[in-house]
Amino acid sequence: MTMNHYSKWFAAAVLVVGALAGACGSSSDSGTATGKADWNKKNGAAVKAVSLDVDEANTSLDKGDRTAILAACHQLQSDLADARKGLPVPDPTVDGALKPALDSVGTATGTCLNGAQVATDAHLVEQAQAEMKTARKKLDDAQTAI
């Protein structure tokens with residue numbers, strides 16, 4: 001009789017543990033989506049700021065206003081640092097698209113700042129424009145992945 005009582009408790013415990021393990025398993029299967037959504041809530045605004053800054057830097061570079069270029073590229077540099085704090089992204093597809101996009105933005109930002117500081121070097125400004133356009137394309141790809 002005692003054996004039967006313990007057997008029932010054991011069977012109930014096995015069922016509970018199995019149910020919990022199953023719940024954990026299904027949670028980890030959807031964990032990428034939940035992780036991606038959580039990541040986007042925490043870091044999406046920083047990535048959006050970088051995207052807007054790239055557009056602003058492109059506009060400033062097109063106008064050729066040294067003061068506006070410096071302001072836009074310094075803001076981009078600051079927002080880029082914030083966006084990089086969100087790496088790595090828990091979703092490998094997004095991470096694989098966002099890292100090179102932010103790297104491209106970093107390269108373009110450096111060239112932009114150099115071009116604005118050496119305003120007589122049209123080559124650097126043109127290079128910054130081309131790099132910003134590449135960065136824009138990569139950010140669009142990353143945004144699609146997000």
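What's counted below: heavy atoms across the whole structure, side chains too, no hydrogens, waters or symmetry copies.
For Lys99 and Asp95, the salt-bridge test passes: some basic side-chain N is under 4.0 Å from an acidic carboxylate O.
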Applying salt bridge (Lys or Arg N to Asp or Glu O under 4.0 Å) to Lys137 and Asp140, what does each step give before you reach the verdict?
CA-CA 5 Å; Lys137 168 73 173 103; Asp140 289 345; over 6 Å; no
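In this structure, the side chain of Thr109 engages the main chain of Val105 through a donor-acceptor pair within 3.5 Å.
A pairwise comparison of heavy atoms in Ala116 and Ile69 identifies CB-CG2, 3.4 Å as the closest pair. Among all heavy-atom pairs drawn from Ala72 and Ser60, the shortest one is CB-OG, 3.8 Å. Across Ala97 and Ala145, no two heavy atoms sit closer than the pair CB-CB, 4.1 Å. Contact detail for Asn43 and Gly86: the closest heavy-atom pair is OD1-CA, 3.4 Å. For the pair Ala83 and Ala46, the tightest heavy-atom approach, listed with the atom from each and the gap, is CA-CB, 3.8 Å. Scanning both residues, Val125 and Gly115, for their nearest heavy atoms gives CG2-O, 3.8 Å.
Contact check for Met132 versus Thr111: no side-chain heavy atoms found under the 4.5 Å cut-off. The shortest side-chain heavy-atom distance between Val54 and Lys133 does not fall under the 4.5 Å cut-off. Counting heavy atoms from C-beta on, the side chains of Thr134 and Lys138 come closer than 4.5 Å. Contact check for Arg136 versus Ser51: side-chain heavy atoms found under the 4.5 Å cut-off.
For the atom pair Asn40 CG and Lys48 NZ, the distance stands at 11.5 Å (nearest 0.5 Å). A distance of 9.5 Å separates CD in Glu126 from CG in Leu124, rounded to the nearest 0.5 Å. With values rounded to the nearest 0.5 angstrom, Glu56 atom CD is found 10.5 Å from Leu76 atom CG. Put simply, CD on Gln117 and SG on Cys112 are 9.5 Å apart, with the number rounded to the nearest 0.5 Å. How far CG of Leu98 is from CG of Asp103: 9.5 Å, rounded to the nearest 0.5 Å. Atom OG in Ser78 sits 8.5 Å away from atom CG in Asp53 (nearest 0.5 Å).
A single hydrophobic cluster is not seen to contain both Leu113 and Leu80; linkage of ILVMFWY side chains at heavy-atom distances under 4.5 Å, directly or through other members, places them apart. Cluster membership for Leu52 and Val47, using ILVMFWY side-chain heavy atoms within less than 4.5 angstrom, is not shared.
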